[in-house]
Amino acid sequence: MNVFITGASSGLGEALAYRYAEMGATLGLFARRRERLHALRETLAASFSSPVHLYEGSVADAQALQRAAQNFLAIAGAPDIVIANAGVSHGTVTGGEGEADLPVFREVFETNVLGIVNTFHSFIDAMRTARSGTLVGVASVAGFRGLPGSGAYSASKAAVISYLESLRVELRGSGISVVTLCPGFIATPMTAANPYPMPFLISARDAADLMVRAIARKKRRYVFPWPMMLVGKLLRVLPSAVYDALFAGAPRKPRK
């Protein structure tokens, strides 16, 4: 099994790398932090026999991803699973002092949305030829409704959900599956600075176990953990007036 993972140097990406290494997969790990990637490969090599290939770069850099994909394809062949996991989250505001947040909005969208497009674009032709494989995009429950103070993050994850749905329908009959993962709160460096309660928080390792099972089952959309699935359903059906009243005073993520 060949698995390519972006955002692999920490958090969910690192946990997924461990899980697939346990399964004996040939791994392609892509991330910005060279030192963390090499440390991860050394740790994996000490416990597992899975081949691990490292690629340094940003998912916002389409050419870097294409170079990584070409190398991985030459070494391992068409991937069985491509997981577009890389993402960033920053508190943002619009207008006034938020003028300084304009570059942050751009960074969030280039990483969270275009990063997924860049990742899939680099592999999809080989997967079409093989008529097999699974493309996995990591969205978020935050994409179900717009959270105050997190306009960039919520909007980017909403865009990811819609993009993946479009892609899934486009690829119908091609042999390629598309899986949309919508996690709730996961204990990772991204959530460590959140200054508010995070209900149903689970570890990255537990989240990776749930994700791997959902990917194996080729679930079209998977919201987890299960209590957050219920919260997500409620959020989607709340009337706008009720939602506005409930969340107007909600605590907000700090700005970058």
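Keep in mind that this is a model prediction, so the values were computed, not measured. FYI, the numbering just counts along the sequence from 1.
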Enquirer: Output the distance between atom CG (L27) and atom CE (M1), rounded to the nearest 0.5 Å.
Expert: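 Going from CG on L27 over to CE on M1, the span is 8.5 Å.
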
Enquirer: Counting N and O atoms only, with roles assigned by atom type, does the side chain of N2 sit under 3.5 Å from a partner on the main chain of A76, one being a donor and the other an acceptor?
Expert: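 Side chain of N2 to backbone of A76: a pair is present.
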
Enquirer: Would you confirm whether K218, through its side chain, and I176, through its main-chain N or O, come within 3.5 Å as a donor-acceptor pair?
Expert: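 No; judged by distance alone, with no hydrogens or angles, the pair does not exist.
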
Enquirer: State, with a plain yes or no, whether a side-chain heavy atom of T26 is found less than 4.5 Å away from one of H53.
Expert: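 With C-beta onward as the side chain, the pair touches.
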
Enquirer: Write down the atom of A78, the atom of A126, and the distance for their closest heavy-atom approach.
Expert: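 Heavy-atom minimum between the residues: CB-O, 4.0 Å.
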
Enquirer: To the closest 0.5 Å, what do you measure between CG (L54) and CG (N71)?
Expert: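 L54 atom CG to N71 atom CG measures 10.5 Å (nearest 0.5 Å).
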
Enquirer: Looking at L37, is its backbone amide N or carbonyl O close enough to the side chain of S9 to form a donor-acceptor pair, meaning the two atoms are under 3.5 Å apart?
Expert: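 Here the side-chain-to-backbone pair does not exist.
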
Enquirer: According to the interplanar angle, ranging from 0 to 90°, do the rings of F4 and F123 count as parallel (below 30°), tilted (30 to 60°) or perpendicular (above 60°)?
Expert: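 The rings of F4 and F123 sit tilted, inter-plane angle from 30° to 60°.
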
Enquirer: At what distance, to the nearest 0.5 angstrom, does OH of Y153 lie from CG of N112?
Expert: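 Answer rounded to 0.5 Å: 6.5 Å.
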
Enquirer: Which atom pair, heavy atoms only, marks the closest approach of S174 to L171?
Expert: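 Between these two residues, the closest heavy atoms are OG-O, 2.6 Å.
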
Enquirer: Hydrophobic clustering (ILVMFWY, side-chain heavy atoms < 4.5 Å, transitive) - are I124 and V117 grouped together?
Expert: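 As far as the 4.5 Å side-chain criterion goes, I124 and V117 are connected within one cluster.
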
Enquirer: More than 12 foreign heavy atoms under 6.0 Å from CZ of R34: is that the case here?
Expert: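 No, CZ of R34 has 12 or fewer neighbouring heavy atoms, counting only those of other groups under 6.0 Å.
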
Enquirer: So, the side chain of S162 versus the backbone of A159: is there a donor-acceptor pair under 3.5 Å, distance only?
Expert: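 Side chain of S162 to backbone of A159, a donor-acceptor pair under 3.5 Å: no, none is there.
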
Enquirer: Answer yes or no: are there more than 12 heavy-atom neighbours, outside R36 itself, under 6.0 Å from its atom CZ?
Expert: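 Counting neighbours around CZ of R36, more than 12 heavy atoms of other residues, nucleotides or ligands fall under 6.0 Å, so yes.
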
Enquirer: Can you confirm whether more than 12 heavy atoms, excluding those of R172, are under 6.0 Å from its CZ atom?
Expert: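 Check fails, neighbour count at 12 or below.
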
Enquirer: Working to the nearest 0.5 angstrom, can you tell me the gap between S203 OG and D209 CG?
Expert: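 If I round to the nearest 0.5 Å, the distance is 8.0 Å.
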
Enquirer: Got a sec: does the NE2 of H121 have more than 12 other heavy atoms crowding it under 6.0 Å?
Expert: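 No, the 6.0 Å shell around NE2 holds no more than 12 heavy atoms from other groups.
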
Enquirer: Provide the closest heavy-atom pair for V138 versus K157 in the form atom of the first, atom of the second, distance.
Expert: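 Answer, listing the atom of V138 first, then K157: O-NZ, 3.0 Å.
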
Enquirer: Please confirm whether the backbone N or O of N85 pairs with a side-chain atom of T6, one donor and one acceptor, at under 3.5 Å?
Expert: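 Here the side-chain-to-backbone pair exists.
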
Enquirer: Main chain of A208, side chain of R19: is a donor-acceptor contact present, judged purely on distance under 3.5 Å?
Expert: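 Checking the backbone N and O of A208 against the side chain of R19, no donor-acceptor pair under 3.5 Å is found.
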
Enquirer: Could you walk me through whether L210 and I202 satisfy the side chain to side chain contact (heavy atoms under 4.5 Å, CB included) test, starting with their C-alpha distance in whole Å, then the side-chain angles of each, then the deciding distance to 0.1 Å, before giving a yes or no?
Expert: CA-CA 11 Å; L210 295 172; I202 62 173; 4.1 Å; yes

Enquirer: Might you point out which heavy atoms bring L29 and A17 nearest each other, and give the distance in Å?
Expert: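 Shortest heavy-atom contact: CD2-CB, 3.9 Å.
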
Enquirer: Group every Ile, Leu, Val, Met, Phe, Trp and Tyr by side-chain heavy-atom contacts under 4.5 Å, then state whether L12 and L40 land in the same group.
Expert: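 Yes, one cluster joins them.
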
Enquirer: Taking the side chain as every heavy atom from C-beta outward, state whether R221 and I161 have any pair of such atoms under 4.5 Å apart.
Expert: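 Answer yes - side chains close enough.
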
Enquirer: Which distance, rounded to the nearest 0.5 Å, do you find between the CZ of F120 and the CG of L135?
Expert: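 It comes to 4.5 Å.
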
Enquirer: Would R213 and Y222 count as a side chain to side chain contact (heavy atoms under 4.5 Å, CB included) here? Give the steps.
Expert: CA-CA 10 Å; R213 286 200 291 268; Y222 180 59; 6.0 Å; no

Enquirer: Count I, L, V, M, F, W, Y as connected when their side-chain heavy atoms are under 4.5 Å apart, and connections chain through other members. Are F224 and I81 then in the same cluster?
Expert: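 Result: yes, single cluster for both.
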
Enquirer: Can you tell me how far apart CG (L16) and CZ (R205) are? Round to the nearest 0.5 Å.
Expert: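 Those atoms lie 10.0 Å apart.
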
Enquirer: Validate the cation-pi geometry between R67 and Y55: distance from NZ or CZ to the six-membered ring centre under 6.0 Å, angle to the ring axis within 45°.
Expert: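 No, R67 and Y55 do not form such a contact.
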
Enquirer: On a heavy-atom basis, which atom in C182 and which in V141 lie closest, and how many Å separate them?
Expert: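 Of all heavy-atom pairs spanning C182 and V141, the closest is O-CG2, 3.7 Å.
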
Enquirer: Spell out, as yes or no, whether a donor-acceptor pair under 3.5 Å connects the side chain of D101 to the backbone of T94.
Expert: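 No, the answer is negative, given that no donor and acceptor are paired below the 3.5 Å cut-off.
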
Enquirer: Yes or no on side chain to side chain contact (heavy atoms under 4.5 Å, CB included) for D80 and V3, after CA distance, side-chain angles and deciding distance?
Expert: CA-CA 6 Å; D80 298 290; V3 181; 5.6 Å; no

Enquirer: Determine, for Y243 and R145, whether the Lys NZ or Arg CZ falls below 6.0 Å from the six-membered ring centre while staying within 45 degrees of the axis.
Expert: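 Checked: cation-pi criterion met.
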
Enquirer: Is L114 reachable from V160 through a run of hydrophobic residues whose side-chain heavy atoms are each under 4.5 Å from the next?
Expert: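 No, no single cluster joins them.
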
Enquirer: Apply the test side chain to side chain contact (heavy atoms under 4.5 Å, CB included) to residues V108 and H90: give CA-CA distance (whole Å), side-chain angles for both, the deciding distance (0.1 Å), then the verdict.
Expert: CA-CA 8 Å; V108 170; H90 302 297; 4.2 Å; yes

Enquirer: Checking T180 against R168: is there a side-chain donor and acceptor pair closer than 3.5 Å?
Expert: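 The answer is no; no qualifying pair exists.
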
Enquirer: Quick check: do I215 and I83 have side-chain heavy atoms less than 4.5 Å from each other?
Expert: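 Sidechains of I83 and I215: in contact.
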
Enquirer: If Ile, Leu, Val, Met, Phe, Trp and Tyr residues are connected whenever their side-chain heavy atoms lie under 4.5 Å apart, and connections chain through other members, are Y20 and F30 in the same group?
Expert: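 In one cluster with Y20: F30, no.
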
Enquirer: Indicate the atoms forming the closest heavy-atom contact of F200 with P225, along with that distance.
Expert: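 Minimum heavy-atom separation between F200 and P225: O-CG, 3.5 Å.
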
